[in-house]
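In what follows, a structure is listed as structure tokens, so that the remarks can point back to it.
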Protein chains: 2
Amino acid sequence: MPRPREFDEERVVAAIRQVFWDKGYAATSVDDLMRASGLGKGSLYGAFGDKHQLFLRVLREYNDTNDRMLRERLASVPQAIDFVREFAHGPSRDSTGASAQRGCLLANSTAELATSMPDVAAEARRSYDATAGILTEAIERAQCEGDVDPGVDAGEVAYAVLAAQLGVVALGRTGMGVEALASAAESALTRLLPSPGR
Amino acid sequence: MPRPREFDEERVVAAIRQVFWDKGYAATSVDDLMRASGLGKGSLYGAFGDKHQLFLRVLREYNDTNDRMLRERLASVPQAIDFVREFAHGPSRDSTGASAQRGCLLANSTAELATSMPDVAAEARRSYDATAGILTEAIERAQCEGDVDPGVDAGEVAYAVLAAQLGVVALGRTGMGVEALASAAESALTRLLPSPGR
DNA sequence: CGCGTTGCTGACCAGTCAGGCCAGAATTCA
DNA sequence: TGAATTCTGGCCTGACTGGTCAGCAACGCG
């Protein structure tokens, strides 16, 4: 009975995510979102609510996707520690450094909005806690398998690893070279996760 | 012969820094700056140029002050390593967590603006490099005095320490408790800067 | 073939934005 | 005192903001 949607919701959200990611929340106008999504203002507001709700939706999907990807990778790779290393290199996986400079949508958003938008701060905290949880499991598994010194407190170190990774991402936003970023990440990781044969 | 300034430039810059710090760049209107500084639009534009120039000036002074403070502390304290530890706790030095949640003006600005304002990215990189340099010296001194394992590459570890600190500050913006932040920072620091007796 | 329900479109709103401008006040020197 | 100069703060502009809404279009059901 109703007229069906003419747009692919997923594609729209993806397009809008790119804009928020590149420009930040406040600097993104609804006009930008209209142009990126190809939708009219009415459609946008009808489907997603206002700018704030739309942003939160984008952010939540981004976080969920990241968490899912992280969990999948850590479950399938026997040497979880290797992935944790790779993970700590953050977004600097391409050699151009372009994606490294783009940074992380969650980290950027939190830095910009945590003060003025409590729900963004809460979402960030939820996501970081989830990441730390996944990391903790991976580290514990690595300890069982003898890849990490069993003497360290996995939960505590997980937050330290998360912080180091966040810091590397933050440094990446300045346009620092990917080699320097990788070196800092590698240096942090090898010390935060000492192998048992030390 | 000219009419002298009626306002204290330093106080004005300080007031404006607070606004930018709390609200971010894009969300701060020139009206906000006028109200915070008590100046009219003409005075503001005459003395500092447009919003962008004003922001850059605030950011540069903020960074210079931080660098100077860091250098002073590290020069006067015999056990540099202790201060590095303290430094890594970042802005979480009050128990309320309010300043921890406010974060760091430089980190916030970089996350918000690095993509769209290359001069902000450049200033951030300059400041981070300066911080890393200061840290490197402090770590080397600590190595000479036997407080840090002389086997580690001070320059490399300095960036790892900087990253860890930046990450802790980023976590702090989510409203995470100061104890958790301090624990993560402490955990990162003791592992990044191992004492030689081990 | 209507009819009800929903989606789409674009015009429109009041409010805010950054920035330019200027008349007059304030200050100094001659 | 008068001339020169600069500061000051309000006013103006016109572009843009996020958001609303009335009217039209497309669909399935009866």
Side-chain angles (χ1 to χ4, degrees), chain A residues 1-60 105 108-109 112-113 115-120, chain B residues 1-59 108-109 112-113 115-120:
Chain A
M1 47 279 237
R3 175 177 173 180
R5 285 259 165 81
E6 287 180 9
F7 59 89
D8 180 353
E9 196 157 318
E10 217 169 316
R11 297 184 77 87
V12 166
V13 170
I16 285 178
R17 178 180 57 230
Q18 281 305 318
V19 183
F20 277 134
W21 201 338
D22 284 341
K23 310 185 64 168
Y25 178 82
T28 297
S29 72
V30 177
D31 226 64
D32 292 330
L33 302 178
M34 289 169 57
R35 246 172 289 140
S37 65
L39 291 188
K41 206 176 265 192
S43 311
L44 221 44
Y45 275 80
F48 302 101
D50 62 5
K51 187 186 175 189
H52 181 246
Q53 289 174 352
L54 180 48
F55 177 76
L56 267 186
R57 158 140 184 194
V58 164
L59 186 61
R60 290 217 180 88
L105 175 61
N108 296 350
S109 307
E112 181 188 356
L113 303 169
T115 308
S116 52
M117 292 175 34
D119 40 8
V120 169
Chain B
M1 49 266 233
R3 174 178 173 181
R5 284 260 163 81
E6 286 181 9
F7 57 90
D8 180 353
E9 196 158 314
E10 216 169 317
R11 298 184 77 88
V12 165
V13 170
I16 285 177
R17 178 180 58 229
Q18 281 305 318
V19 182
F20 277 133
W21 200 339
D22 284 341
K23 311 186 64 168
Y25 178 82
T28 297
S29 71
V30 177
D31 226 64
D32 292 330
L33 302 178
M34 288 169 57
R35 244 172 292 139
S37 64
L39 291 189
K41 208 173 261 193
S43 312
L44 220 46
Y45 275 79
F48 303 102
D50 61 5
K51 187 186 174 188
H52 181 245
Q53 290 174 349
L54 182 48
F55 176 74
L56 268 186
R57 157 139 186 195
V58 163
L59 187 61
N108 296 350
S109 307
E112 180 188 356
L113 302 169
T115 307
S116 51
M117 292 176 33
D119 41 7
V120 169

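Numbers restart at 1 for each chain; the letters A, B, ... are given by sequence-line order, proteins then strands. Excluded from the calculations below are hydrogen atoms, water molecules and symmetry mates; all remaining heavy atoms, backbone and side chain alike, are included.
- One atom, CZ of B/Arg35, and another, C1' of D/dG10, lie 15 Å apart when rounded to the nearest Å.
- Put simply, CG on B/Asp32 is 18 Å from P on D/dT17, counting in whole angstrom units.
- You'll find the side chain of B/Phe55 reaches within 4.5 Å of the side chain of B/Val120, heavy atoms only.
- We find that CG of A/Asp8 is positioned 16 Å from C1' of C/dG7, with the value rounded to whole Å.
- Taking atom CZ of A/Phe55 as the reference point, atom C1' of D/dG18 lies 16 Å away to the nearest angstrom.
- When the P atom of D/dT6 is taken as reference, atom CD of B/Glu9 falls 16 Å away, rounded to whole Å.
- Within the structure, every side-chain polar atom (N or O) of A/Ser43 is placed at least 4.0 Å from both OP1 and OP2 of C/dG7.
- Remark: A/Lys51 fails to qualify as a cation-pi partner of A/Phe20 under the 6.0 Å distance and 45° angle criteria applied to the six-membered ring.
- One interatomic measurement links the two molecules: CG of B/Leu33 to P of C/dC17, which rounds to 10 Å at whole-angstrom precision.
- Neither OP1 nor OP2 of D/dG9 sits under 4.0 Å from any side-chain N or O of B/Lys41.
- In this structure, the side chain of B/Asp32 engages the main chain of B/Ser29 through a donor-acceptor pair within 3.5 Å.
- Looking at which nucleotide of DNA chain C each of B/Gly42 and B/Lys51 is closest to, the 5′-most match is held by B/Lys51.
- Under the 4.5 Å side-chain criterion, counting only non-hydrogen atoms from C-beta, B/His52 is in contact with B/Asp119.
- A sub-4.0 Å separation between OP1 or OP2 of C/dC17 and a side-chain N or O of B/Ser29 is present.
- Look at CG on B/Asp31: it is 15 Å from P on C/dG15, rounded to the nearest Å.
- If you find the closest nucleotide of DNA chain D to B/Leu39 and to A/Tyr25, the one lying nearer the 5' end belongs to B/Leu39.
- Atom OH in A/Tyr45 sits roughly 15 Å away from atom C1' in C/dT9 (whole-Å rounding).
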